[in-house]
Engineer: 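Pasting in a structure now, in structure tokens, and then I'll have a few things to ask.
Atom set for the values below is all heavy atoms of this structure, side chains included, hydrogens, waters and symmetry mates excluded. In this text the structure is predicted, and so the values were computed from the model without any measurement.
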Amino acid sequence: LSTATLTYDSLRYGEIEDFPETSEPVWILGKQFSALTEKDEILADVTSRLWFTYRKNFQPIGGTGPTTDTGWGCMLRCGQMILGQALICRHLGRDWTWSPGQRQRAEYISILNAFIDKKDNYYSIHQIAQMGVGEGKSIGQWYGPNTVAQVLKKLAVFDSRSRLAVHVAMDNTVVIEEIKRLCMPWLDFDRGACAASEEPREMNGDLEGACAMAEEETALWKPLVLLIPLRLGLSDINEAYFEPLKQCFMMPQSLGVIGGKPNSAHYFIGFVGHELIYLDPHTTQPAVDPNEDSQFPDDSYHCQHPPCRMHICELDPSIAAGFFCQTEDDFDDWCAQIRKVANCRGLPMFELVDSQPSHLITGDVLNLTPDFSESDRLERFFDSEDEEFEILSL
């Protein structure tokens, strides 16, 4: 079997290693556990994450396209997982846990239904694949982290229930002013951050003013999903990024990281020691068809065996890190943590700035990235947009 099509179907579950007996802390999406005394809690937390894998026998994509994503959809599934975690945090909270065999909460069912493999569901494989055409990816073509981030940003606009503000930070730079404008679109920043705009703004496809929104939405902050495509080396990840990357998983705002190995994407949710903990989409399961009440067996959407692990040095340098900020205070706290990490050992993975540098506003952008066209391996894991990234590790 090739790396891209290796599935759990070809492995015995007993061959997946349990957590090591170690005194080093286990970090899962901003929560700390002990591998010595909290193994059950670790597994319960991992199992509660939404696990999206290859599926087969779903409706043809585009009406005449593929009926399975085996072999090409792993990064799309990882994109579903990182956004699924954002929606869990948005509607249920980070501490929510999944209980198998029980009737689930309506909020959870609504979230899961958004990802079911049907053409009309917000974040289905059908929507992601077809939206990717606008990013230059034909249906059935392999995605990189940046492309899936851009597609998720476009799809979230139509999810009026969640009202997410999805921001993809490009050029290794997170601009605070850009994010505050996005998350508080009803404020007139040109007249000062405290001046409410008199004109209604278009939000998630609906023309609404702040006064027309539900009470919970008048807190002047749309929940933020921040995705940061990064390149942390040339062909291998630079060791100087190890500690800053691990710090990301320790932040309460963490949504994890999508990336993996060339041609084989994973959803990274934490670490123990120098090993990254991840959910692997490379198993093919039958498509699920909900009944009229939108209820269906959901066991196959939760990984109920110990998660996979790999040494951090095996990570391909092309990744996208994700963070969720429910409130403006969450975002301000995240900014403070990022500034602390920048002062720690290792190289900062990206730059945090208050406003966009003037040379970028005027479009005078220097192309600082070498030409990697000679390397097929790198080309396969690159998006066309990734070539704009500045290599900071050379």
Engineer: One pair to check against side chain to side chain contact (heavy atoms under 4.5 Å, CB included): L279 and M81. What are the steps and the verdict?
Structural biologist: CA-CA 9 Å; L279 297 178; M81 284 189 268; 4.0 Å; yes
Engineer: Would you call R77 and D117 a salt bridge, taking side-chain N to carboxylate O under 4.0 Å as the test?
Structural biologist: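 Salt bridge flag = yes for D117 with R77.
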Engineer: F350 versus V174: any side-chain heavy-atom pair under 4.5 Å?
Structural biologist: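 A side-chain contact under 4.5 Å exists here.
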Engineer: Has the side chain of D236 got a donor or acceptor atom that lies under 3.5 Å from a matching backbone atom of C313?
Structural biologist: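 Absent.
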Engineer: Are F33 and L36 in one and the same hydrophobic cluster, where Ile, Leu, Val, Met, Phe, Trp and Tyr link if side-chain heavy atoms are under 4.5 Å apart?
Structural biologist: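 No, F33 and L36 fall in different hydrophobic clusters.
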Engineer: Looking at Y123, Y122, W51, F58, which hits ring-ring contact (aromatic ring centres under 6.0 Å, His included) with F115?
Structural biologist: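 In the set Y123, Y122, W51, F58, the residue that makes a ring-ring contact (aromatic ring centres under 6.0 Å, His included) with F115 is Y123.
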Engineer: Thinking salt bridges, do D171 and R231 make one under a 4.0 Å N-O criterion?
Structural biologist: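 A salt bridge is absent here (no side-chain N lies under 4.0 Å from a carboxylate O).
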Engineer: Looking at G62 and Q130, what are the two nearest heavy atoms and their distance?
Structural biologist: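 Scanning both residues completely, I find the closest heavy atoms to be CA-NE2, 3.4 Å.
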Engineer: So, do P244 and L347 sit near enough that their side-chain heavy atoms are less than 4.5 Å apart?
Structural biologist: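 Heavy-atom side-chain distance check fails, nothing below 4.5 Å.
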Engineer: Does E314 CD have over 12 foreign heavy atoms under 6.0 Å away?
Structural biologist: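 Count over threshold, so yes.
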Engineer: Could you check D69 against K56 for salt bridge (Lys or Arg N to Asp or Glu O under 4.0 Å), going step by step and ending with a plain yes or no?
Structural biologist: CA-CA 7 Å; D69 60 312; K56 62 182 178 181; over 6 Å; no
Engineer: Does a donor on one side chain and an acceptor on the other come within less than 3.5 Å for Q141 and S138?
Structural biologist: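 A donor-acceptor contact under 3.5 Å links the two side chains.
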Engineer: Hey, are the side chains of L164 and F324 touching, using non-hydrogen atoms and a 4.5 Å cut-off?
Structural biologist: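 Touching, per the 4.5 Å side-chain cut-off.
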Engineer: Using modelled atom types and a 3.5 Å cut-off, is there a donor and acceptor pairing between side-chain atoms of Q104 and backbone atoms of Q102?
Structural biologist: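 Yes; at least one donor-acceptor contact below 3.5 Å.
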Engineer: With no hydrogens and no angle check, is any side-chain donor or acceptor of D333 less than 3.5 Å from a backbone partner on D329?
Structural biologist: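 Flag not set: sc D333 to bb D329 has no pair under 3.5 Å.
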Engineer: Take H91 and S162 through the side-chain hydrogen bond (donor to acceptor under 3.5 Å, both in side chains) test and state the conclusion after the steps.
Structural biologist: CA-CA 8 Å; H91 297 290; S162 297; 2.9 Å; yes
Engineer: Under a 3.5 Å threshold, yes or no: a donor from one side chain and an acceptor from the other, between Q253 and Q337?
Structural biologist: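 A donor-acceptor contact under 3.5 Å links the two side chains.
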Engineer: Should E177 and K180 count as an ion pair when the cut-off is N to O under 4.0 Å?
Structural biologist: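 Salt bridge flag = no for K180 with E177.
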Engineer: K119: which residues meet the side-chain hydrogen bond (donor to acceptor under 3.5 Å, both in side chains) condition with it, sequence neighbours left out?
Structural biologist: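 Once residues adjacent in sequence are excluded, K119 has no partner under the side-chain hydrogen bond (donor to acceptor under 3.5 Å, both in side chains) criterion.
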Engineer: Quick one: do R163 and D159 make a salt bridge, cutoff under 4.0 Å?
Structural biologist: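 No salt bridge links R163 with D159.
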Engineer: Any chance you could measure S318, atom OG, to L234, atom CG, to the nearest 0.5 Å?
Structural biologist: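 The OG atom of S318 sits 12.0 Å away from the CG atom of L234.
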Engineer: Hey, what do you get for NZ (K118) to CD (Q127), rounding to the nearest 0.5 Å?
Structural biologist: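 If we round to the nearest 0.5 Å, K118:NZ and Q127:CD are 13.0 Å apart.
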Engineer: Is any side-chain heavy atom of Q85 less than 4.5 Å from a side-chain heavy atom of R49?
Structural biologist: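 They are in side-chain contact.
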Engineer: Would you check, one step at a time, whether the test side chain to side chain contact (heavy atoms under 4.5 Å, CB included) holds for L227 with K153?
Structural biologist: CA-CA 9 Å; L227 300 173; K153 175 183 176 180; over 6 Å; no
Engineer: Given 3.5 Å as the limit, does a donor-acceptor pair link the side chain of K246 with the main chain of G273, or not?
Structural biologist: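 Checked: pair present.
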Engineer: Using side-chain hydrogen bond (donor to acceptor under 3.5 Å, both in side chains), reason through T284 and T70 one step at a time and then give a plain yes or no.
Structural biologist: CA-CA 7 Å; T284 303; T70 299; 2.8 Å; yes
Engineer: I111 and W96: same hydrophobic cluster, using ILVMFWY side-chain contacts below 4.5 Å?
Structural biologist: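 Shared cluster, yes.
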Engineer: Can you tell me how far the CD atom of Q326 sits from the CZ atom of F331, to the nearest 0.5 Å?
Structural biologist: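 Rounded to the nearest 0.5 Å, the CD-CZ separation comes to 15.0 Å.
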Engineer: Please enumerate all residues that pass ring-ring contact (aromatic ring centres under 6.0 Å, His included) together with H274, with sequence neighbours excluded.
Structural biologist: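 H274 satisfies ring-ring contact (aromatic ring centres under 6.0 Å, His included) with H311 only.
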Engineer: Going by heavy atoms in the side chains, are D330 and F323 under 4.5 Å from each other?
Structural biologist: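 They are not in contact (no side-chain heavy atoms under 4.5 Å apart), so the answer is no.
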Engineer: Any chance the side chains of T53 and Q285 put a donor and an acceptor closer than 3.5 Å?
Structural biologist: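 Judged by distance alone, the side chains do pair up.
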Engineer: If we only count heavy atoms from C-beta on, is the I312 to L245 side-chain gap below 4.5 Å?
Structural biologist: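 In short, these two side chains touch, coming nearer than 4.5 Å.
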Engineer: State, to 0.1 Å, how close Y241 and L232 come at their nearest heavy-atom pair, and which atoms those are.
Structural biologist: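 For Y241 versus L232, the nearest heavy atoms are CD1-O, 3.2 Å.
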Engineer: When rounded to the nearest 0.5 angstrom, what distance separates CD1 in I228 from CG in L352?
Structural biologist: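 The distance works out to 8.5 Å.
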Engineer: Please report the closest heavy-atom contact between L43 and P307, naming both atoms and the distance.
Structural biologist: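 Closest pair (atom of L43, atom of P307, distance): CD2-CD, 3.9 Å.
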Engineer: Treating T22 as the side-chain partner and E24 as the backbone partner, does any N or O pair qualify as donor plus acceptor under 3.5 Å?
Structural biologist: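 The answer is yes, because a donor-acceptor pair under 3.5 Å joins these two groups.
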Engineer: Between D280 and Y267, is any side-chain donor less than 3.5 angstrom from a side-chain acceptor?
Structural biologist: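 Judged by distance alone, the side chains do not pair up.
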Engineer: Is the closest basic N to carboxylate O distance between K31 and D95 below 4.0 Å?
Structural biologist: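 Salt bridge flag = yes for D95 with K31.
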Engineer: In terms of ring plane angle, is the pair H266 and Y278 parallel, tilted or perpendicular, where the classes change at 30° and 60°?
Structural biologist: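 The rings of H266 and Y278 lie parallel, inter-plane angle below 30°.
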Engineer: Among T47, D298, D299, which residue meets the side-chain hydrogen bond (donor to acceptor under 3.5 Å, both in side chains) test with W98?
Structural biologist: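 Single side-chain hydrogen bond (donor to acceptor under 3.5 Å, both in side chains) partner of W98 among T47, D298, D299: D298.
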Engineer: If you define the side chain from C-beta out and look only at heavy atoms, does anything of C308 sit under 4.5 Å from I277?
Structural biologist: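 Side-chain contact under 4.5 Å: no.
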Engineer: I'd like to know if the side chain of S300 pairs up with that of R55 as donor and acceptor (distance under 3.5 Å, no hydrogens or angles considered).
Structural biologist: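 Side-chain D/A pair, S300 to R55: present.
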Engineer: Strictly distance-based, threshold 3.5 Å: is any side-chain N or O of W221 a donor or acceptor partner for the main-chain N or O of C325?
Structural biologist: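 Checked: pair present.
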Engineer: Ignoring hydrogens and geometry, is there a side-chain-to-backbone donor-acceptor pair from T147 to Y143 under 3.5 Å?
Structural biologist: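 No, the answer is negative, given that no donor and acceptor are paired below the 3.5 Å cut-off.
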Engineer: Taking only residues two or more places apart in sequence, or in another chain, which ones meet T67 in a side-chain hydrogen bond (donor to acceptor under 3.5 Å, both in side chains)?
Structural biologist: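 T67: no side-chain hydrogen bond (donor to acceptor under 3.5 Å, both in side chains) contacts found.
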Engineer: Atom CG of L87 and atom CD1 of I82: how far apart are they, to the nearest 0.5 Å?
Structural biologist: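 So the gap between those two atoms works out to 11.5 Å.
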Engineer: Taking all atoms of both residues into account, what is the closest heavy-atom pair of N172 and P229, and its distance?
Structural biologist: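 Looks like OD1-O, 4.4 Å.
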Engineer: Can you check side chain to side chain contact (heavy atoms under 4.5 Å, CB included) on V168 and N146, steps first, answer last?
Structural biologist: CA-CA 8 Å; V168 182; N146 184 38; 4.2 Å; yes
Engineer: Could you tell me whether the side chain of E135 and the main chain of G132 form a donor-acceptor pair under 3.5 Å?
Structural biologist: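 Here the side-chain-to-backbone pair does not exist.
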Engineer: Taking all non-hydrogen atoms of both residues, which atom of I139 and which atom of A129 are closest, and how far apart?
Structural biologist: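 Smallest heavy-atom distance, with atoms named: CG1-O, 3.9 Å.
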Engineer: Nearest 0.5 Å, please: how far is CG in L220 from OG1 in T327?
Structural biologist: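 One gets 12.0 Å once the value is rounded to the nearest 0.5 Å.
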Engineer: Can you find a pair of side-chain heavy atoms, one from W27 and one from S254, that are under 4.5 Å apart?
Structural biologist: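 Heavy-atom side-chain distance check fails, nothing below 4.5 Å.
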Engineer: Could you give me the CA-CA distance, side-chain angles and deciding distance for L112 and Y301, then say whether side chain to side chain contact (heavy atoms under 4.5 Å, CB included) is met?
Structural biologist: CA-CA 9 Å; L112 191 51; Y301 291 96; 3.9 Å; yes
Engineer: Could you tell me whether the side chain of E38 and the main chain of S34 form a donor-acceptor pair under 3.5 Å?
Structural biologist: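 Checked: pair present.
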Engineer: Any ion pair linking E107 and R105 (charged N to carboxylate O, less than 4.0 Å)?
Structural biologist: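 A salt bridge is present here (some side-chain N lies under 4.0 Å from a carboxylate O).
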